[in-house]
Amino acid sequence: MSSSSAPIAMILDTDPGIDDAVALVAALFHPKIDLRLVSTVAGNVSVDKTTNNALRLLHFLGASTPVARGAAAPLVRKLEDASHIHGNSGLDGYEFEESTRQIVGGHAVEVMRDLLLASKEPIVLVPIGPLTNIALLLTLYPECKPSIARIVMMGGSASRGNHTPNAEFNIYVDPEAASMVFASGIPIVMCGLDVTNRATLTAEMIASLPTLNRTGAMLHSLFQHYRGGSMSRGLKMHDLCALAYLANPELFTTQACHVAVETQGELTRGTTCVDLANRLKLPANAEVCLEIDVEGFRRWFLEMLTHPAVP
């Protein structure tokens with residue numbers, strides 16, 4: 001995983017979450033990535049729990065990356081979480097030490113603003129939960145837009161959903177925020193269910209994790225309680241796909257097209273309307289990931305997890 005160029009400066013906006021934990025490992029230790037901030041949002045569980053989970057994970061991983069607490073609820077809706085997938089705490093299955101670290105003062109959106117405006121180079125935003133924080137940032141502080149290189153997100157689908165028949169969970173939770181982000185004019189890469197449903201770890205890979213390192217053993221324990229697939233048929237690494245794209249985009253096949261988010265439909269709330277055939281004749285606003293090199297992704301995962309820096 002050697003890199004001849006400077007690592008990519010990024011902010012990880014997350015709602016840990018078991019597969020978020022895997023993504024955080026990649027964000028911290030992949031040599032092509034320079035993680036500047038972890039911002040938290042309500043999604044898989046409440047923002048108090050996601051923030052505590054981020055602190056506990058960073059403590060476990062020996063990382064000093066700052067953590068900022070973000071939005072506690074979607075822009076206009078009541079939060080519907082995914083504790084049925086990730087457990088009541090969001091990280092059921094492993095007894096983490098409580099972290100003594102404190103979060104950065106101020107709302108995550110303000111912390112992101114300050115970091116972006118102070119940065120000498122544009123920063124990539126990588127949201128892997130609901131897009132509430134990102135929508136607030138772009139709306140309240142539009143002066144930050146030139147400092148954002150692009151948004152590489154996990155969410156959406158060009159086909160069917162995983163939370164409702166049509167909608168993927170992250171978009172469903174806060175469709176108004178997602179709609180605002182897709183309309184922002186910032187370059188977007190959408191890593192949706194078309195690739196994340198196929199980005200699985202096999203039963204053999206999962207069984208080998210405890211032999212790799214302390215982090216592998218921790219993830220193996222978490223995976224016992226993860227309902228994103230099954231231990232026998234394979235576990236879906238949804239959020240990790242955004243980090244894989246950032247570090248190794250050649251693993252993915254994308255198509256530039258217009259994406260709109262349904263906010264009004266009673267049965268279709270949170271659907272990402274991906275205009276693959278350009279029927280709406282609207283300009284493309286996203287690169288949508290449609291195919292993934294599954295074996296390449298699995299090799300990349302093991303390479304990332306066994307990097308010497310990973311504890």
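Computation of the quantities below employed the complete heavy-atom set of this structure, encompassing side-chain atoms and omitting hydrogens, waters and symmetry-equivalent molecules.
- Remark: the backbone N or O of Leu115 is not paired with any side-chain donor or acceptor of Ser119 at under 3.5 angstrom.
- Ser208 contributes a side-chain N or O that, together with a main-chain N or O of Met205, makes up a donor-acceptor pair within less than 3.5 Å.
- No donor-acceptor distance shorter than 3.5 angstrom exists from the side chain of Asp15 to the backbone of Thr50, with no hydrogens or angles considered.
- Pro311 is not listed as a side-chain neighbour of Asn213, based on a closest heavy-atom distance of 4.5 Å or more.
- Considering Leu125, Leu243, Leu37 in turn, Leu243 is the only one that fulfils the side chain to side chain contact (heavy atoms under 4.5 Å, CB included) rule with Met10.
- By the 6.0 Å contact criterion, CD on Gln102 is open, its count of non-hydrogen atoms from other residues, nucleotides or ligands being 12 or less.
- Around atom CD of Glu97, no more than 12 heavy atoms belonging to other residues, nucleotides or ligands sit under 6.0 Å away.
- Linking Ile, Leu, Val, Met, Phe, Trp and Tyr residues whenever their side-chain heavy atoms come within less than 4.5 Å leaves Leu57 and Val104 in two separate clusters.
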Evaluation steps, side-chain contact (heavy atoms from CB on, under 4.5 Å), between His238 and Leu193: CA-CA 8 Å; His238 296 292; Leu193 298 178; 3.8 Å; yes
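- For Lys32 (side chain) and Asn248 (main-chain N/O), no donor-acceptor pair under 3.5 Å exists by modelled atom type.
- Put simply, the side chain of Phe252 does not reach to within 4.5 Å of the side chain of Val189, judged on heavy atoms.
- Side-chain contact, Asp174 with Thr132: a donor N or O sits under 3.5 Å from an acceptor N or O.
- Counting heavy atoms of neighbouring residues, nucleotides and ligands inside a 6.0 Å radius, atom CD of Glu143 exceeds 12 of them.
- Here the side chain of Asp19 pairs no donor or acceptor atom with the backbone of Leu240 at under 3.5 angstrom.
- Remark: side-chain polar atoms of Asp13 are not paired, donor with acceptor, to backbone N or O of Gly129 under 3.5 angstrom.
- A donor-acceptor pair under 3.5 Å links the side-chain atoms of Asn53 to the main chain of Lys49, judged by distance alone.
- Checked by atom type and distance alone, the side chain of Asn133 pairs as donor or acceptor with a backbone atom of Ala71 at under 3.5 Å.
- Ser221 places a side-chain N or O within 3.5 Å of a backbone atom of Ala217 that can act as its donor or acceptor partner.
- Salt bridge annotation for Glu295-Arg298: present, with a cationic side-chain nitrogen under 4.0 angstrom from a carboxylate oxygen.
- Of the possible donor and acceptor atoms, none in the side chain of Thr271 sits under 3.5 Å from a partner among the backbone N and O of Cys273.
- Note on ring orientation: taking the six-membered ring where Trp is involved, the planes of Phe169 and His163 are perpendicular (angle over 60°, cut-offs 30° and 60°).
- Phe29 and His307 have their aromatic ring centers separated by at least 6.0 angstrom.
- Taking the centre and axis of the six-membered ring of Phe297, the NZ or CZ atom of Arg198 falls outside the cone set by 45° and 6.0 Å.
- One finds the CG atom of Leu276 at 6.0 Å from the CG atom of Leu290 (value rounded to the nearest 0.5 Å).
- Inter-residue side-chain proximity for Ser39 and Ile11 is flagged as met; some heavy-atom pair is nearer than 4.5 Å.
- Residue Glu250 qualifies as enclosed at atom CD: its count of foreign heavy atoms under 6.0 Å is above 12.
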message: Under the criterion side-chain contact (heavy atoms from CB on, under 4.5 Å), I'd like the reasoning laid out for Asn162 against Lys236: C-alpha separation, chi angles, the key distance, then a yes or no.
response: CA-CA 12 Å; Asn162 67 347; Lys236 300 171 184 177; over 6 Å; no
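- The structure places CG of Leu201 at 5.5 Å from CD1 of Ile206, a figure rounded to the nearest 0.5 Å.
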